[in-house]
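None of the values given here were measured: they were computed from a predicted structure.
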Amino acid sequence: MITVIISARNPVPESTLERNIRKTAGAPIELFMINNSGGANGLASVYNFGASRSRGDILVFMHDDAFFMTENWVPILENLFAQDPYLGVVGVAGTQYLYNDNASWTAAGQPFIKGRVVHDLQNGDFFATLFSQERESCEVVACCGVFFAVRRTLLTQFGFDQQVFNSFYFHEMDFCMQARKTWRVMVTGEILIKHRSTGTYDKGWHHYGQMFLSKWASELPASCAGDLVPDPARCVHAVNANLKGKIEQRTIA
């Protein structure tokens with residue numbers, strides 16, 4: 001079974017998000033929409049709380065403004081984990097290289113960043129952020145937090161660091177750094193997520209970014225790209241492709 005755990009700022013029974021998750025899953029799931037009104041608790045704390053009460057062998061953590069565009073995503077995830085007993089984390093976007101002085105997972109640019117995410121914003125913008133062009137699954141060192149799935153065993157081994165990352169930033173990257181010591185971390189191109197935000201890079205983000213760099217200073221830079229090293233002077237960032245009028249904008253629900 002797969003358990004979906006979400007920190008919900010305004011949990012509403014039978015919400016569009018809940019209907020989207022259940023309608024696209026393609027199999028029965030366990031769903032925890034954990035009330036975190038006002039953002040009183042950090043995501044690491046909420047995720048640990050949800051994981052401790054879950055029954056799934058695979059735990060999915062996702063934002064409360066993210067929606068599935070891919071149907072039958074549960075069998076896709078189950079298949080990925082079944083095929084590789086050393087696979088610990090699966091995301092939809094991530095990087096093969098992390099710097100020791102820049103906490104952003106996109107800092108290395110292409111071809112090190114992988115995956116794609118669709119953005120459907122309140123101002124009417126509808127576009128796909130293409131971190132890479134290929135659709136094949138590939139190994140990364142860290143995933144972005146909009147959606148990532150974790151083998152339950154990892155949560156019993158170390159869980160999320162809710163003492164250090166007690167807000168909304170870098171809990172997922174910290175978790176990936178823990179995981180990659182003994183497990184594989186992967187980005188899959190088989191699951192497409194629509195996100196109604198482009199992220200927030202405020203003082204809090206920078207603060208916890210420095211906490212992340214300090215905690216992992218002895219293991220950064222981190223790479224799974226062999227001998228390849230990013231050249232900051234030639235960094236190519238993600239490409240945004242306008243989707244308006246090209247594909248249906250409706251949320252499956």
Is the closest basic N to carboxylate O distance between R152 and D57 below 4.0 Å? no

Please answer whether the main-chain N or O of V46 pairs with a side-chain N or O of N41 as donor and acceptor at a distance below 3.5 Å. no

In a check of ring pair (Phe, Tyr, Trp, His ring centres under 6.0 Å) between W105 and each of F112, Y169, F131, which one passes? F131

Which of these passes side-chain contact (heavy atoms from CB on, under 4.5 Å) with T16: I21, I252, T251? T251

Measure from the ring center of W205 to the ring center of F168 and say whether it is less than 6.0 Å. no

Between D161 and K215, does at least one N-O distance fall below 4.0 Å, as a salt bridge requires? yes

Give a yes-or-no answer on whether the side chains of R151 and T156 include a donor-acceptor pair shorter than 3.5 Å. no

Counting only heavy atoms from other residues, nucleotides and ligands, does the tally under 6.0 Å from CD of Q133 exceed 12? no

Whether the N100 and W216 side chains hold a donor-acceptor pair (N or O, under 3.5 Å, no angle test) is what I'd like checked. no

Check for a donor-acceptor pair, side chain of R184 on one end and backbone N or O of V89 on the other, with a separation under 3.5 Å. no

Judged by modelled atom types alone, do N35 and S37 share a side-chain donor-acceptor pair under 3.5 Å? yes

Is the number of heavy atoms from other residues, nucleotides or ligands within 6.0 Å of CZ (R135) greater than 12? no

Minimum heavy-atom separation for S15 and M33, please, with both atom names. OG-CE, 4.0 Å

